[in-house]
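Remember, it's a predicted structure, so these values are computed and weren't measured experimentally. In the text below, chain A, chain B and the rest are named by the order of the sequence lines, each starting its count at 1.
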2 protein chains.
Amino acid sequence: MEKTVIELESAAQMLKLLGDKTRLTIMGLIKDGESCVCEFVEVLQMSQPSVSQHLRKLRDAGLVKERRRGQWIFYSVNRNHPTYPIVQQVLEQIPDQREKLQALEEAGLRIQCDL
Amino acid sequence: MEKTVIELESAAQMLKLLGDKTRLTIMGLIKDGESCVCEFVEVLQMSQPSVSQHLRKLRDAGLVKERRRGQWIFYSVNRNHPTYPIVQQVLEQIPDQREKLQALEEAGLRIQCDL
DNA sequence: TCAGTATATTAGCATATGCTTATATTTGCA
DNA sequence: TGCAAATATAAGCATATGCTAATATACTGA
């Protein structure tokens with residue numbers, strides 16, 4: 001496994017994207033899973049368009065992947081992104097956001113997205 | 001050595017600051033040393049006020065320390081910052097910026113800052 | 001085919017950001 | 001004391017960013 005140097009420019013772009021509380025939380029939520037937009041909206045308590053716009057930025061940069069499944073679109077971390085090694089380390093060192101998804105589940109609010 | 005969780009908010013703030021090519025380069029330049037403003041100006045090929053303003057942001061956030069030495073002010077990474085573990089890992093994975101300082105030295109341009 | 005749900009997109013606006021130009025401050029030295 | 005060098009600060013401006021409100025698109029199921 002070679003160690004690849006991450007270009008400064010792409011590193012800066014990725015850091016800028018993670019440098020936003022909303023987007024950093026989104027990445028933390030899907031650090032090893034996937035979630036659909038309605039879940040982000042619930043967890044983040046933000047408007048759907050606002051969440052969509054953040055997701056678009058992450059997707060345009062290639063940091064997340066999307067996968068349509070019926071009516072829902074699921075987002076997950078793109079582990080093939082050149083900067084993924086850093087992304088991963090960042091996500092390991094912030095508080096676990098996935099607990100918030102579990103809370104959703106307990107409240108029965110996650111069911112609608114199960115397909 | 002306990003593992004301290006870095007708060008999401010402070011992580012986001014730090015990532016945002018590093019998410020700028022100029023500031024990321026500055027951090028890379030001093031990742032294990034210190035430099036004065038005139039060196040940054042030379043290496044980055046930017047105006048002195050612009051560099052000063054970037055340094056101020058880094059200092060206001062506590063990511064760098066400053067140390068006056070005569071006419072010059074030297075900046076270095078603050079290793080006691082709560083987010084330093086992430087900062088360090090980021091800096092380890094981008095191209096080494098210190099070569100640019102060596103180039104300066106070879107060009108004799110670093111002499112003025114030796115005190 | 002039509003209505004409902006999930007998501008995306010667009011326009012508009014307020015605020016944040018980064019640069020330049022001009023000026024202030026601090027220090028060293030003659 | 002006074003000038004030059006290094007650095008900081010402030011004001012002004014153009015662009016970027018993130019939100020809301022409104023609308024468009026895509027899919028599902030009756």
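Between the NZ atom of A/Lys65 and the CG atom of A/Asn80 there is a distance of 6.5 Å, given to the nearest 0.5 Å. Remark: B/Cys36 SG to B/Arg67 CZ distance equals 10.5 Å, nearest 0.5 Å.
Using a 4.0 Å cut-off, some side-chain N or O of B/Tyr75 falls inside it from OP1 or OP2 of D/dA8. Applying the 4.0 Å criterion to OP1 and OP2 of C/dG18, one finds that B/Lys57 has a side-chain N or O inside that range. OP1 or OP2 of D/dT17 has at least one side-chain nitrogen or oxygen of A/Lys16 nearer than 4.0 Å. Contact annotation: A/Arg56 side-chain N/O to C/dA8 OP1/OP2 distance is not under 4.0 Å. Between B/Arg69 and C/dT27 there is no side-chain polar atom (N or O) within less than 4.0 angstrom of OP1 or OP2.
A/Gln48 contributes no side-chain N or O that forms a donor-acceptor pair with the base of C/dT9 under 3.5 Å. A/Gln53 contributes no side-chain N or O that forms a donor-acceptor pair with the base of C/dT7 under 3.5 Å. For D/dA26, its base never sits under 3.5 Å from the side chain of A/Gln71 at any donor and acceptor pair.
Between the side chain of B/Ser47 and the main chain of B/Ser50, a donor-acceptor pair closer than 3.5 Å is present. Looking at B/Gln88, its side chain never comes within 3.5 Å of a backbone N or O of B/Pro85 through a donor-acceptor pair. Remark: the backbone N or O of B/Lys100 is not paired with any side-chain donor or acceptor of B/Arg98 at under 3.5 angstrom. Of the possible polar contacts, one joining the B/His81 side chain to the B/Ala61 backbone as a donor-acceptor pair under 3.5 Å is found.
Between the CG atom of B/Leu15 and the P atom of D/dT17 there is a distance of 16 Å, rounded to whole Å. What separates CZ of A/Arg23 from P of D/dT17 is a distance of 8 Å, to the nearest Å. Computed from coordinates, the A/Asp60 CG to C/dA8 P distance equals 11 Å when rounded to whole Å. Distance CD1 (A/Ile26) to P (C/dT7): 12 Å, rounded to an integer number of Å. In this structure, the CE atom of B/Met46 is 12 Å from the C1' atom of C/dT17, given to the nearest Å. With rounding to whole Å, B/Gln45 atom CD is found 12 Å from C/dT20 atom P. To the nearest angstrom, P of C/dT26 lies 13 Å from CD of B/Glu66. Distance A/Leu44 CG to C/dT7 P: 13 Å, rounded to the nearest Å.
Proximity note for B/Asp20 (side chain, C-beta onward) versus D/dG18, C/dC19, C/dG18: the nearest is C/dG18. Nearest to the side-chain atoms of B/Ser47 among the listed nucleotides D/dA21, D/dT9, C/dT20 stands C/dT20. The side chain of B/Cys36 has D/dT7 as its nearest neighbour among D/dT7, C/dA22, D/dA11. For B/Thr22, the side-chain atoms get nearest to C/dC19 when compared with the rest of C/dT17, C/dC19, C/dT20. Minimum atom distance to the side chain of A/Pro49 is reached by C/dT9, of the listed D/dT17, C/dT17, C/dT9. Checking D/dT9, D/dT28, D/dT7 against the side-chain heavy atoms of B/Ile73 singles out D/dT7 as nearest. Between C/dG18, C/dT7, D/dT7, one nucleotide has an atom nearer to the side chain of B/His54 than all others, and that is C/dG18. Comparing C/dT7, D/dT20, D/dT7 by their nearest atom to the side chain of A/Ser50 picks out D/dT20. Among the nucleotides D/dA6, D/dT9, C/dA8, the one closest to the side chain of B/Trp72 is D/dA6. With D/dT9, C/dT9, C/dT27 as the candidates, the nucleotide lying closest to the side chain of B/Arg68 is C/dT27.
Heavy atoms of B/Lys21 sit nowhere under 4.0 angstrom from any nucleic acid atom.
Of the charged side-chain nitrogens involved, none lies within less than 4.0 Å of a carboxylate oxygen, so that A/Asp20 and A/Lys57 do not count as a salt-bridged pair.
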